[in-house]
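Read through the structure below, which is laid out as structure tokens, and then see the notes.
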Amino acid sequence: DHRDLHSFPTRRSSDLRAWMEAFLNEQGGALKLALIGVLTLTLLIPLGLVGGVVDERSWRHQEVLQEIARQHGAEQRLVGPFVVVPYVRRTVRHGTNAVDGKPEERSVESELVAVILPTALSMRATLTHEVRRRGVYTAPVYGADVSINGAFNRPDLSKTIPNLVSVDWEKAAIVLGISDLAGLSRAGEIVIGGEAQAFQAGAPAFASGLFIGGEGRKARQSGDHGRFGVIHTPMTFQGVGTEALTFVTTVRLNGSGGVFMTPLAGTSRFEMQGDWPHPSFQGAPLPEARSVTDTGFTASWTVPGLARGYGAIWYGSSVESLLTEAGNGGIGFRHARPDAFYNAAARSVKYGVLFVTLTFLACFVLERFGGRQLHTAQYGLVGLSLALFYLLLIALAEHIGLFWAYLLAASVIAGMNAAYIGAALASWRRGFGAATALALLYGAFYVMLESEDNALLIGAGLLLIGLAMGMAATVRMGAAKAKA
């Protein structure tokens with residue numbers, strides 16, 4: 001029948017529509033979840049772009065810190081004081097006679113440098129801080145008044161150095177190492193055995209290769225940051241017997257980042273006080289006594305000579321490596337994370353996929369309690385707003401700090417999304433539910449940022465809750481098929 005032939009396309013399209021409706025009724029929720037998953041992965045692109053912005057701002061902040069350090073002073077490390085003295089050592093070298101080819105021994109004398117550490121050393125540093133600003137970036141800097149006193153004994157080097165020929169005690173000098181000499185604003189006279197002497201720049205000529213300057217500068221340029229600059233003054237041990245030779249001096253240093261003192265003496269006692277309320281004590285051992293308040297801190301250390309790990313006299317080829325070790329060591333403090341909010345913002349971006357996933361799960365659950373559903377494009381706009389949160393966070397934190405920036409950015413994004421979801425679903429109750437879910441998520445994520453040690457536990461708990469909500473919302477997705 002020709003009428004049957006004309007009606008065949010109509011019946012076929014009608015059957016297709018009926019099949020599609022039945023398929024969507026049965027599998028619509030699964031398709032929606034699949035699309036949400038694809039959308040979540042797609043949002044990795046804007047999250048990555050925002051992460052790049054956070055990294056760029058953090059790098060710029062580090063450049064500002066380095067610029068301020070060049071102008072005001074870098075992290076300061078005080079090494080010493082210690083005594084350097086030249087000595088002559090005889091060594092026997094075995095070789096072959098160039099004329100008759102017979103083996104021979106030659107005696108060779110070499111002039112080397114010995115380092116003598118103090119028997120007692122006491123330092124007291126008083127730090128005054130200020131905050132320098134470059135645009136939106138800030139960096140704490142300090143001025144440190146350091147008083148130093150201690151004592152030396154003249155040792156019998158023949159009992160320590162093998163094959164010793166002579167020691168030129170008249171050339172002995174007391175040396176004070178300072179990691180960044182550009183930050184030295186004042187060096188007072190040093191009183192040695194009751195006699196005042198002025199410091200001189202650099203190291204004595206016979207020891208210039210051990211420190212920055214001469215061959216020492218090449219070492220610093222090659223990446224050996226254990227080397228340091230020095231100032232010195234002549235020190236004679238003539239007429240000194242077994243009695244200790246005492247010294248007293250003061251220096252003022254400008255610096256940034258932190259300040260350290262190296263415990264070189266038989267007994268080293270350090271005291272430090274400052275008006276910075278967020279010190280991070282570094283090195284070993286930590287202070288035996290410390291106090292941190294809103295107005296500053298105090299700390300004290302006592303380090304016995306047995307804990308320093310090396311002897312009181314350095315000689316031979318080990319001098320350079322021991323000086324490097326001393327320059328890399330030290331105990332003191334650093335300013336506690338001056339760029340903490342950049343680290344926190346970077347971590348928050350890493351948690352971005354987790355946040356988006358949980359937010360989309362909350363939206364999906366809200367859909368199951370009403371007739372209207374969110375379109376995939378609406379999910380996309382919600383996801384983009386969540387990515388924008390991190391950009392807003394870093395922009396505000398540079399001006400008002402992390403806590404207030406997080407609170408303001410979270411309030412804006414949560415309020416905007418709650419109003420949008422409520423309008424899209426035509427339900428103020430579900431809009432309020434979205435606001436509550438976002439507020440709880442932002443609160444939990446802030447706790448994760450502030451507590452790195454518990455971040456894994458909190459994140460796993462949030463995922464478990466999100467999975468439970470998804471299971472509750474989809475528990476009846478197969479009901480229609482079972483009824484049919």
Side-chain angles (χ1 to χ4, degrees), residues 76-85 113-126 144-157 159-161 167 169 172-179 187-197 199 207 228 230-253 259-273 283-290 298-315 319 322-323 325-327 329-332:
Q76 294 289 10
R77 292 176 180 266
L78 285 170
V79 184
F82 50 86
V83 170
V84 292
V85 60
V113 179
V115 174
I116 303 171
L117 303 183
T119 56
L121 176 63
S122 176
M123 291 190 187
R124 180 179 178 85
T126 302
D145 291 301
V146 186
S147 62
I148 308 170
N149 64 81
F152 289 97
N153 284 335
R154 173 176 167 173
D156 184 357
L157 295 183
K159 295 181 179 179
T160 304
I161 303 176
V167 181
W169 289 107
I174 185 168
V175 173
L176 176 62
I178 300 172
S179 60
E189 291 184 329
I190 180 169
V191 180
I192 306 173
E195 181 180 348
Q197 297 179 219
F199 276 109
F228 43 86
V230 297
I231 55 178
H232 79 282
T233 188
M235 177 180 184
T236 176
F237 276 107
Q238 297 298 327
V240 177
T242 58
E243 294 183 3
L245 190 63
T246 61
F247 63 89
V248 178
T249 189
T250 60
V251 295
R252 178 171 177 80
L253 300 172
V259 61
F260 291 83
M261 305 170 183
T262 305
L264 295 180
T267 301
S268 300
R269 292 184 174 88
F270 300 149
E271 294 183 19
M272 194 178 297
Q273 64 179 32
L286 292 173
E288 61 182 0
R290 60 181 173 180
T298 60
S300 62
W301 295 259
T302 299
V303 184
L306 294 175
R308 63 191 175 188
Y310 36 72
I313 301 172
W314 303 345
Y315 62 92
V319 171
L322 288 171
L323 285 172
E325 181 182 342
I331 52 181

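None of these values were measured; they are calculated from a predicted model. Residues take their numbers from the sequence shown, with the count starting at 1.
Between the side chain of Q197 and the main chain of P234, a donor-acceptor pair closer than 3.5 Å is present. The closest donor-acceptor contact from the side chain of T246 to the backbone of G150 lies at 3.5 Å or more, if one exists at all.
Heavy atoms from other residues, nucleotides or ligands lying under 6.0 Å from CD of E288 number more than 12. Residue R269 qualifies as open at atom CZ: its count of foreign heavy atoms under 6.0 Å is 12 or below.
Results of the side chain to side chain contact (heavy atoms under 4.5 Å, CB included) test with L121 over V303, I148, N149, T267 single out I148 as the only residue that passes.
To the nearest 0.5 Å, atoms OG1 (T250) and CG (D145) are separated by 8.0 Å. From T298, atom OG1 reaches atom CE of M272 across 11.0 Å, with rounding to the nearest 0.5 Å. Residue I231 holds its CD1 atom at 8.5 Å from CD1 of I190, rounded to the nearest 0.5 Å. The line from CZ of F82 to OG1 of T262 is 9.5 Å long, rounded to the nearest 0.5 Å. Note that CG of L264 and CH2 of W314 are 5.5 Å apart. Values are rounded to the nearest 0.5 Å. Considering CD1 of I116 and CZ of F152, their distance stands at 8.5 Å, rounded to 0.5 Å.
The heavy-atom pair separating A125 from M261 by the smallest distance is CB-CE, 3.3 Å. The two residues M123 and G80 come nearest to each other via the heavy atoms CE-O, 3.0 Å. The two residues V230 and G177 make their nearest non-hydrogen contact at CG1-CA, 3.9 Å. Scanning all heavy atoms of the two residues, the minimum distance from A265 to A120 falls at CB-C, 3.7 Å. For the pair P81 and F247, the tightest heavy-atom approach, listed with the atom from each and the gap, is CG-CE1, 3.7 Å. The heavy-atom pair separating I161 from A114 by the smallest distance is CD1-CB, 4.4 Å.
Inter-residue side-chain proximity for L253 and I178 is flagged as met; some heavy-atom pair is nearer than 4.5 Å. In this structure, L157 and Y315 have side chains that are not in contact, with every pair of non-hydrogen atoms separated by 4.5 Å or more. In this structure, the side chains of W301 and P263 stay at 4.5 Å or more apart for every pair of heavy atoms. Looking at heavy atoms from C-beta onward, R154 lies out of side-chain contact with L245 at the 4.5 angstrom threshold. Contact check for I192 versus T233: side-chain heavy atoms found under the 4.5 Å cut-off.
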